[in-house]
Amino acid sequence: MAYTLEQLAEQVGGKVVGDGSCQIESVATLKNAAAKQISFLTNSLYTEQLANTGAYAVILTEELIDKCPVNALVVSNPHAAYAKIATLLSPPAYPRQGHHPSAVIAPDTKVHPDSFIGPNVHIGQNCVIEEGVSIGANTVIGNDCFVGKDTVILANVTIVGKTRIGQRGLFHPGVVIGADGFGQAYDDGAWLKVPQLGGVRIGNDVEIGANTTVDCGAIEDTVIEEGVKLDNQIQVAHNVRIGAHTVIAAATAIAGSVTIGKHCMIAGAVAIAGHLTIADNVVITGMSMVTSSIDTPGSSYSSGMKAMPTRVWHRVHARLMKLDELAKRLINLEKNQHDK
Amino acid sequence: MAYTLEQLAEQVGGKVVGDGSCQIESVATLKNAAAKQISFLTNSLYTEQLANTGAYAVILTEELIDKCPVNALVVSNPHAAYAKIATLLSPPAYPRQGHHPSAVIAPDTKVHPDSFIGPNVHIGQNCVIEEGVSIGANTVIGNDCFVGKDTVILANVTIVGKTRIGQRGLFHPGVVIGADGFGQAYDDGAWLKVPQLGGVRIGNDVEIGANTTVDCGAIEDTVIEEGVKLDNQIQVAHNVRIGAHTVIAAATAIAGSVTIGKHCMIAGAVAIAGHLTIADNVVITGMSMVTSSIDTPGSSYSSGMKAMPTRVWHRVHARLMKLDELAKRLINLEKNQHDK
Amino acid sequence: MAYTLEQLAEQVGGKVVGDGSCQIESVATLKNAAAKQISFLTNSLYTEQLANTGAYAVILTEELIDKCPVNALVVSNPHAAYAKIATLLSPPAYPRQGHHPSAVIAPDTKVHPDSFIGPNVHIGQNCVIEEGVSIGANTVIGNDCFVGKDTVILANVTIVGKTRIGQRGLFHPGVVIGADGFGQAYDDGAWLKVPQLGGVRIGNDVEIGANTTVDCGAIEDTVIEEGVKLDNQIQVAHNVRIGAHTVIAAATAIAGSVTIGKHCMIAGAVAIAGHLTIADNVVITGMSMVTSSIDTPGSSYSSGMKAMPTRVWHRVHARLMKLDELAKRLINLEKNQHDK
């Protein structure tokens with residue numbers, strides 16, 4: 001599919017500086033772009049690549065226009081404009097039609113005829129699969145699930161019983177939704193299973209990355225609100241609630257009954273302890289260990305030691321272990337000085 | 001299924017305060033309970049919800065009886081009593097009968113007729129699947145495996161060859177048991193695969209959470225003793241031994257040849273370095289980095305910086321980097337003071 | 001399969017001390033070895049087990065020969081020699097022949113007749129599966145993929161479209177290769193999907209552990225060079241490049257556009273922030289938080305607090321939170337002393 005730069009500018013509400021009639025067929029990085037390609041600049045790390053780009057056009061902000069040696073598409077938000085243009089030029093191609101004969105679907109489940117069910121899929125009883133849904137090969141959906149219009153579930157996903165998924169969702173391979181939460185009661189020297197009776201409710205426009213797990217609730221539901229985007233290998237425990245339009249990067253683990261606000265940005269490899277509340281618009285940087293609620297909306301939280309040469313780390317660590325003693329010696333010095 | 005409160009009290013060895021004849025049909029949270037429901041109170045975070053609960057009855061300890069506005073079921077361990085009552089009212093409904101025709105089972109494998117084998121399951125050669133076992137759709141079991149009586153293996157699980165699983169186990173979707181341990185020998189500029197020849201032995205009453213991985217042993221077996229409960233996305237490397245009735249929360253990673261004692265409680269996102277030994281009854285708090293053996297039974301270990309406002313963290317971190325210098329300056333001050 | 005010790009010594013270029021004619025049938029640990037078994041000693045933790053070993057022979061280095069009570073196979077690198085001998089005695093037994101009738105393979109895909117395609121496998125359009133490839137049950141391979149000669153892909157793996165895999169690879173269950181990278185552009189209060197248009201290129205002799213995820217590139221490819229070995233549950237984000245012969249242990253998370261050099265050794269549970277560069281031959285110890293590029297080849301980096309008794313940790317942590325204040329008080333003391 002090809003567009004003129006002018007057509008693309010109209011689609012994203014941008015302004016062309018240069019030749020609006022040039023034909024654009026695909027996207028590329030600044031460094032490797034060639035004829036008929038458009039690129040973009042959002043990360044200042046890559047500004048120096050602008051000078052030598054082979055792209056026909058570059059999406060950028062007003063203030064970079066002077067540095068742009070080729071046609072420019074000027075917008076206020078180049079990343080969003082790029083996303084829209086890349087989607088136009090390379091629209092997603094998930095199948096939306098055809099039920100493979102090897103799929104095993106319980107007879108009382110309602111599957112819309114305009115949907116795709118791949119090879120070796122299994123769908124349990126009493127489910128509803130709406131129009132436009134695409135379910136990839138070898139995915140398993142348990143009993144009593146609902147999958148909303150145009151949602152895409154890729155291969156080898158497992159959706160356990162009582163999960164309700166909204167519209168236009170995107171679930172990557174290896175995702176597990178609705179497995180039992182980790183409820184164990186200690187009784188007489190052994191652990192007793194606490195039945196996990198809740199479901200999972202997932203809003204519209206949610207994306208969940210490969211091998212991420214979202215447990216069902218213990219009694220009530222685990223909830224992921226609309227527009228939430230989860231990266232790969234995230235753990236969401238029972239009865240967590242993640243507010244609308246929050247994004248979470250890979251390998252973050254969220255313990256049970258945590259409530260996360262809307263529009264938060266949580267980086268990768270973070271761990272959040274159970275029963276905490278995180279306000280709206282909070283930012284948490286990578287590998288932070290969150291052990292208290294964060295009450296101030298819009299605040300930014302961090303923790304963790306940054307990697308340093310191992311030799312230096314050994315010294316810092318040894319001092320750290322003696323920090324209490326060090327502090328006491330300082331107090332002593334202050335006392336002595338004061339006494340003089 | 002419905003029970004009177006008195007009947008439930010008998011089942012859990014508790015005492016009714018109030019109307020023992022009231023009918024209980026299901027469980028609910030204190031906050032949202034309504035007629036014919038029973039709730040429980042184990043976490044003091046939720047004590048204030050007791051006053052306004054709509055439950056017919058609440059499971060709690062003796063000392064909270066005065067605060068309970070409805071019927072009470074008094075027990076010494078409300079969490080365990082709740083687990084038993086919830087199991088009575090909502091018994092697990094895993095299928096235990098029927099072999100789906102799409103399942104592919106090697107001819108020399110013994111599958112008990114009173115067991116469930118779901119759609120598209122594959123079971124390799126020389127396995128034994130005992131009575132009452134339930135194997136979910138699209139699960140794969142390799143050669144030479146044993147699955148004990150009444151064990152439930154859910155959908156999309158992979159059990160690689162030479163795994164022996166005890167009775168009444170519960171394996172959630174995406175679990176991988178018995179994949180190769182990470183054995184690599186450096187040789188002449190490249191890594192040589194070290195064959196992983198051991199198996200995995202898993203005791204009775206073990207639960208393993210979604211997407212958790214347990215590697216086979218390098219020469220001898222990786223061992224998970226009876227009653228162990230593992231949450232989601234845990235990594236158990238080759239030749240780890242986890243002692244009976246130990247519980248481990250999500251996203252914890254255990255390196256090779258670690259021996260963990262019995263009745264330990266290991267929180268989430270912990271990392272344990274290779275070849276260490278952890279004594280019995282040890283508690284390790286979340287996100288701890290365990291780099292030495294823990295020899296004292298019943299001890300509690302921790303590490304990690306707690307998240308703080310990013311601004312504050314930057315200051316603390318900068319000071320931390322200079323901690324060695326700071327300590328030297330303190331020593332100098334002490335010396336000077338002494339010299340005077 | 002049995003070999004004399006002399007034959008094994010020839011295979012690995014070692015020297016026999018003792019009876020080269022003794023028959024060796026299998027490998028064992030020093031502690032549990034018996035007749036016809038060979039063991040090895042590479043970790044000084046286990047030196048004391050040498051004295052009482054029941055092995056017919058032990059693989060070790062020259063300097064340990066005096067402590068060896070049985071036949072010795074002396075080599076400079078016992079770990080590599082052990083790997084070779086274990087492979088000889090217990091050669092891998094992956095099936096290489098037979099296409100199961102339940103497999104669903106797109107008609108235009110080229111599958112070499114001398115390859116194994118297991119039950120319920122699905123392979124999409126326009127793929128090439130070369131000679132000697134083994135694909136385990138329930139694995140899904142998307143469109144436009146290439147799997148090189150003799151590569152083994154085990155059960156329940158998902159290879160999404162546009163992945164190219166070299167020869168002699170080994171992919172463990174639950175692996176997901178080529179799922180979308182995490183590209184989200186904020187636009188008017190919600191997140192817009194940034195299409196992930198790149199593929200994944202994986203060199204020869206790469207091993208990837210259970211449930212590890214490798215995302216496709218945003219525009220260009222994610223690249224894993226030859227000889228890389230990844231353990232379980234590792235996250236490799238879009239446009240990461242991992243240099244040849246680098247090994248990474250379990251549960252490590254690598255953010256987008258990170259470039260890692262050749263021959264690095266990265267331990268488990270490490271997190272590496274986006275857009276960084278790590279030089280060749282770098283070592284990163286477990287649970288390090290890498291937030292800056294590491295430019296010095298061969299350097300070793302670390303971070304993180306080691307677990308200590310919780311009581312002590314509370315004290316250290318409290319002092320840590322006051323470190324800035326402590327430093328200021330020290331500076332004040334220095335000033336006062338100077339003023340006198």
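Protein chains get the first letters and strands the later ones, always in sequence-line order, with residue 1 at the start of each. These numbers were taken from a predicted model, which means no experiment stands behind them.
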Considering only heavy atoms from C-beta outward, does the side chain of B:H172 approach that of A:V176 to under 4.5 Å?
-> no
Which region of A:S299, side chain (C-beta onward) or backbone (N, CA, C, O), has a non-hydrogen atom less than 4.5 Å from a non-hydrogen atom of chain B, or is it both or neither?
-> neither
Select one option (side chain, backbone, both, neither) describing which atoms of A:K322 are under 4.5 Å from chain B's heavy atoms.
-> neither
Which of A:T212, A:N332, A:I234 touches chain B most, by non-hydrogen pairs under 4.5 Å | A:I234
Should we count CE of B:M321 as having more than 12 external heavy atoms under 6.0 Å?
-> yes
A:A190, part contacting chain B, at a heavy-atom distance under 4.5 Å | both
Got a second to check how far B:I331's CD1 is from A:L326's CG, nearest 0.5 Å?
-> 7.5 Å
So, the part of B:A327 with a heavy atom under 4.5 Å from chain A: the answer is both
B:L88, part contacting chain A, at a heavy-atom distance under 4.5 Å = neither
Check A:V194 against B:A83 and note the closest heavy-atom contact, atom names and distance.
-> CG2-CB, 3.9 Å
Are any side-chain N or O atoms of A:Q184 and backbone N or O atoms of B:V247, one a donor and one an acceptor, separated by less than 3.5 Å?
-> no
Checking A:L323 against chain B: side chain, backbone, both or neither under 4.5 Å from a heavy atom?
-> side chain
Tell me, side chain or backbone of B:D324 under 4.5 Å from chain A's heavy atoms, or both, or neither?
-> both
Part of A:L197 lying under 4.5 Å from any heavy atom of chain B = side chain
Euclidean distance, A:M305 CE relative to B:L320 CG, rounded to 0.5 Å = 5.0 Å
Relative to chain A, which segment of B:A251 carries a heavy atom at a distance below 4.5 Å: side chain, backbone, both, or neither?
-> side chain
Have a look at A:T158 and tell me which of B:T139, B:N211, B:N156 forms a side-chain hydrogen bond (donor to acceptor under 3.5 Å, both in side chains) with it.
-> B:N156
Between B:P309, B:G118, B:A155, which shows the greatest number of heavy-atom pairs under 4.5 Å with chain A?
-> B:P309
Quick one: what part of B:N43 sits under 4.5 Å from any heavy atom of chain A, side chain, backbone, both or neither?
-> side chain
Min side-chain heavy-atom separation B:N232-A:D215 under 4.5 Å = yes
Output for pair (A:K193 NZ, B:E207 CD), nearest 0.5 Å, gives 3.5 Å
Do you know which two heavy atoms are closest between A:M289 and B:G286, and how far apart they sit?
-> SD-O, 3.8 Å
Which atoms of A:V157 come close to chain B, meaning under 4.5 Å heavy atom to heavy atom: side chain ones, backbone ones, both, or neither?
-> backbone
Picking from B:L230, B:L45, B:V228, B:T285, which has the most non-hydrogen pairs under 4.5 angstrom with chain A?
-> B:L230
How long is the gap from CE on B:M287 to OG on A:S303, to the nearest 0.5 Å?
-> 6.5 Å
Are B:Y82 and A:I219 close enough that some pair of their side-chain heavy atoms sits under 4.5 Å apart?
-> yes
Main-chain N/O of A:N120 paired to B:N120 side chain as donor or acceptor, under 3.5 Å = yes
Ranking B:G209, B:G136, B:A210 by heavy-atom pairs under 4.5 Å to chain A gives rank one to B:A210
Measure distances from A:A271 to the heavy atoms of chain B and classify the residue's part below 4.5 Å as side chain, backbone, both or neither.
-> both
Which bit of B:P173 comes within less than 4.5 Å of chain A, counting heavy atoms only: side chain, backbone, both or neither?
-> both
Measuring heavy-atom distances to chain B, does A:V290 have an atom under 4.5 Å in its side chain, in its backbone, in both, or in neither?
-> both
In terms of heavy-atom proximity below 4.5 Å to chain B, should A:A269 be classed as side chain, backbone, both, or neither?
-> backbone
Taking A:W191 for the side chain and B:T246 for the main chain, is one N or O donor matched with an acceptor at less than 3.5 Å?
-> no
Can you tell me if A:S288 uses its side chain to pair, donor with acceptor, with the backbone of B:A307 under 3.5 Å?
-> no
Are any side-chain N or O atoms of B:H79 and backbone N or O atoms of A:Y186, one a donor and one an acceptor, separated by less than 3.5 Å?
-> no
Hey, are the side chains of A:R329 and B:E334 touching, using non-hydrogen atoms and a 4.5 Å cut-off?
-> yes
Give the C-alpha distance, both sets of side-chain angles, the deciding distance and a yes or no for side chain to side chain contact (heavy atoms under 4.5 Å, CB included) between B:Y46 and A:H275.
-> CA-CA 11 Å; B:Y46 302 113; A:H275 297 273; 2.9 Å; yes
Pick whichever of B:A86, B:P119, B:A81 has the most heavy-atom pairs under 4.5 Å with chain A.
-> B:P119
Who among B:T42, B:V27, B:N77 has the most heavy-atom pairs with chain A under 4.5 Å?
-> B:N77
If only atom types and distance count, is the side chain of B:D231 paired as donor or acceptor with the main-chain N or O of A:F182 below 3.5 Å?
-> no
Does A:D108 CG have over 12 foreign heavy atoms under 6.0 Å away?
-> yes
